[in-house]
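Any value given below was found using the heavy atoms of this structure, including those in side chains, with hydrogens, waters and symmetry copies removed. Per chain, numbering begins at 1; letters A, B, ... match sequence-line order.
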Protein chains: 2
Amino acid sequence: MRRDSRLSRTLHLLLHMERFAQPATSEHLAGMLQTNPVVVRRMMQGLKAAGLVQAARGHGGGWTLGRPLVEITLLNVHEALGSTVVFNIGLSEDDPKCLVEQAVKARLSDAMEAAEKELLDRFAGITLAEISQDFEERMQGLGLDAALPPICQPPAAKG
Amino acid sequence: MRRDSRLSRTLHLLLHMERFAQPATSEHLAGMLQTNPVVVRRMMQGLKAAGLVQAARGHGGGWTLGRPLVEITLLNVHEALGSTVVFNIGLSEDDPKCLVEQAVKARLSDAMEAAEKELLDRFAGITLAEISQDFEERMQGLGLDAALPPICQPPAAKG
DNA sequence: TCTCTCGCAACCTTTCTTGTTACAGAAATT
DNA sequence: AATTTCTGTAACAAGAAAGGTTGCGAGAGA
């Protein structure tokens with residue numbers, strides 16, 4: 001487990017969920033990610049708190065979208081996932097005493113905060129609806145019917 | 001040890017090294033970082049290969065700068081440190097079969113590669129000489145003489 | 001020769017993300 | 001009411017990555 005892959009995985013799930021008629025159980029979703037249902041529930045907690053998804057317990061329960069994909073940006077999901085350190089490179093000390101280190105920290109922090117802001121700005125400008133449309137174009141490109149299958153691993157296109 | 005702090009630590013060392021009359025030993029440098037000499041040597045290997053620093057063995061040996069600070073950018077140091085994963089957030093799979101996941105990956109990769117490029121562009125535009133000057137201004141701001149001390153933890157300014 | 005220094009391999013520790021197990025609680029079905 | 005399906009959570013294990021530590025070899029000057 002190298003890097004935090006929750007954003008990628010969560011987007012994957014949300015896009016599939018939109019195409020389900022029924023609520024998707026944690027077990028069902030976990031099957032798509034090839035992981036454990038508890039991992040799914042854990043990821044989903046923040047999204048539930050943010051209103052991006054809803055959870056229903058008991059028979060016939062599971063996960064449903066809290067609002068349409070067009071109203072969900074990558075930034076929404078990223079923030080709903082909770083504290084995520086964006087960069088793997090970082091400072092050695094929080095509050096350096098050494099003036100040299102302070103000068104280093106000032107420049108590095110500036111550059112990294114700016115880069116992080118630009119990344120998050122990009123995230124804010126991308127809705128899940130756009131990605132869903134991209135998916136549909138990929139389906140059409142393979143000659144498959146995008147309306148049909150709530151598939152995760154589509155069959156290879158047949159010539 | 002959370003994040004990769006080699007860039008921050010290395011910059012710290014290089015800036016101090018410029019102010020030394022003698023080569024700085026790994027042990028000396030390690031003292032500044034409050035770590036082990038081996039950690040310093042390990043970080044320095046890439047910089048040596050890139051010509052940013054030189055190593056001398058034996059009596060009176062140690063580390064010296066390979067070229068003036070004005071000719072060293074943050075990008076030079078970053079790249080000399082070797083394979084560094086810039087982002088902590090990442091994709092869940094390298095080569096997803098699922099078309100939904102492919103669409104997700106495409107958008108995420110685009111955004112992150114663009115953000116990474118911008119960060120590295122920023123790094124390329126900052127020389128160590130600029131940070132050194134920033135340091136000197138901080139010294140003057142405290143009423144200290146920047147020319148004097150090869151200090152790491154400066155004494156508190158006296159009123 | 002002796003001492004100082006880097007070079008390098010091997011191993012340990014800490015931390016982070018993810019995976020797993022176990023059980024409690026809520027809701028629909030029987 | 002009992003049972004079956006669900007989510008909610010805590011607790012712990014596994015695996016990877018960064019950094020720390022030790023030990024020893026080799027080069028270079030005194």
Side-chain angles (χ1 to χ4, degrees), chain A residues 1-10 12-13 17 20 22-49 53-64 66 78 81-94, chain B residues 1-10 12-13 17 20 22-49 53-64 66 78 81-94:
Chain A
M1 304 94 210
R2 235 183 326 276
R3 301 188 279 181
D4 184 341
S5 61
R6 290 178 302 159
L7 179 58
S8 170
R9 293 176 122 186
T10 303
H12 184 186
L13 294 186
M17 283 166 59
F20 294 151
Q22 307 291 331
T25 66
S26 301
E27 188 162 9
H28 183 175
L29 296 174
M32 296 181 178
L33 302 182
Q34 303 187 55
T35 183
N36 196 289
V38 177
V39 174
V40 172
R41 293 190 195 113
R42 202 149 54 191
M43 289 195 307
M44 287 296 204
Q45 290 314 303
L47 285 100
K48 194 178 82 169
V53 298
Q54 293 170 335
R57 293 172 142 184
H59 231 112
W63 300 95
T64 48
H78 171 76
L81 283 171
S83 67
T84 302
V85 178
V86 171
F87 286 105
N88 188 44
I89 57 182
L91 289 311
S92 50
E93 279 194 57
D94 281 342
Chain B
M1 304 98 213
R2 237 182 326 277
R3 303 186 278 179
D4 184 339
S5 61
R6 289 178 302 159
L7 179 58
S8 169
R9 292 176 123 186
T10 303
H12 183 186
L13 295 185
M17 282 166 60
F20 294 151
Q22 306 292 332
T25 67
S26 301
E27 185 161 9
H28 183 175
L29 296 174
M32 295 181 178
L33 302 182
Q34 303 189 53
T35 183
N36 196 291
V38 177
V39 174
V40 172
R41 293 190 193 113
R42 201 146 57 191
M43 291 194 306
M44 288 296 205
Q45 289 314 303
L47 284 96
K48 193 178 80 169
V53 297
Q54 294 170 335
R57 292 171 144 184
H59 231 110
W63 299 95
T64 47
H78 171 77
L81 284 171
S83 67
T84 302
V85 178
V86 172
F87 286 106
N88 189 44
I89 57 183
L91 290 310
S92 51
E93 279 192 57
D94 281 342

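Remark: P of D:dT7 and CG of A:L47 are 15 Å apart, rounded to the nearest angstrom. As a whole-Å value, the separation of A:E27 CD from D:dT7 C1' is 12 Å. What separates CD1 of B:I89 from C1' of C:dC16 is a distance of 15 Å, to the nearest Å. As rounded to whole Å, 13 Å separates atom C1' of D:dC12 from atom CG of A:N36. B:R57 places its CZ atom 20 Å from the P atom of C:dC2, with the value rounded to the nearest Å. For the pair A:Q34 CD and C:dT18 C1', the interatomic distance rounds to 14 Å; values are reported in whole Å. Nucleotide D:dG19 holds its P atom 11 Å from the CG atom of B:L7, rounded to whole Å. Taking atom CE of B:M43 as the reference point, atom C1' of D:dG20 lies 12 Å away to the nearest angstrom.
Put simply, the side chain of B:L81 reaches to within 4.5 Å of the side chain of B:L47, judged on heavy atoms. Side-chain atoms of B:M43 and B:T35, non-hydrogen and from C-beta on, never get closer than 4.5 Å to each other. Side-chain atoms of A:L29 and A:M17, non-hydrogen and from C-beta on, do get closer than 4.5 Å to each other.
Across all strands shown, A:D4 has heavy atoms under 4.0 Å from sugar-phosphate atoms exclusively, and none from any base. Counting any heavy atom pair closer than 4.0 Å across all strands shown, A:Q45 reaches sugar-phosphate atoms only and no base atom. A:V38 comes within 4.0 angstrom of a base, heavy atoms only.
When each of B:N88 and B:A55 is assigned the nucleotide of DNA chain C bearing its nearest heavy atom, the one mapping closer to the 5' terminus is B:A55. With DNA chain D read from its 5' end, the first of the two nearest nucleotides for A:H59 and A:M44 is the one closest to A:H59. For A:A56 and B:S5, each mapped to the nucleotide of DNA chain D holding its nearest heavy atom, the one lying further toward the 5' end belongs to A:A56.
Dashed line: the shortest gap from a side-chain N or O of B:R41 to OP1 or OP2 of C:dC6 is under 4.0 Å. Checking the phosphate oxygens (OP1, OP2) of C:dT5, no side-chain nitrogen or oxygen of B:T25 falls inside 4.0 Å. Within the structure, every side-chain polar atom (N or O) of A:R3 is placed at least 4.0 Å from both OP1 and OP2 of D:dA18. Residue B:T35 places no side-chain N or O under 4.0 Å from the OP1 or OP2 atom of D:dG19. Note on A:K48: a side-chain N or O is less than 4.0 Å away from OP1 or OP2 of D:dG8.
Using modelled atom types, one side-chain atom of A:T25 and one backbone atom of A:H28 make a donor-acceptor pair closer than 3.5 Å. A side-chain donor-acceptor contact under 3.5 Å links A:T84 to the backbone of A:G82.
At a cut-off of 3.5 angstrom, the base of C:dG19 holds at least one donor-acceptor pair with the side chain of A:R42.
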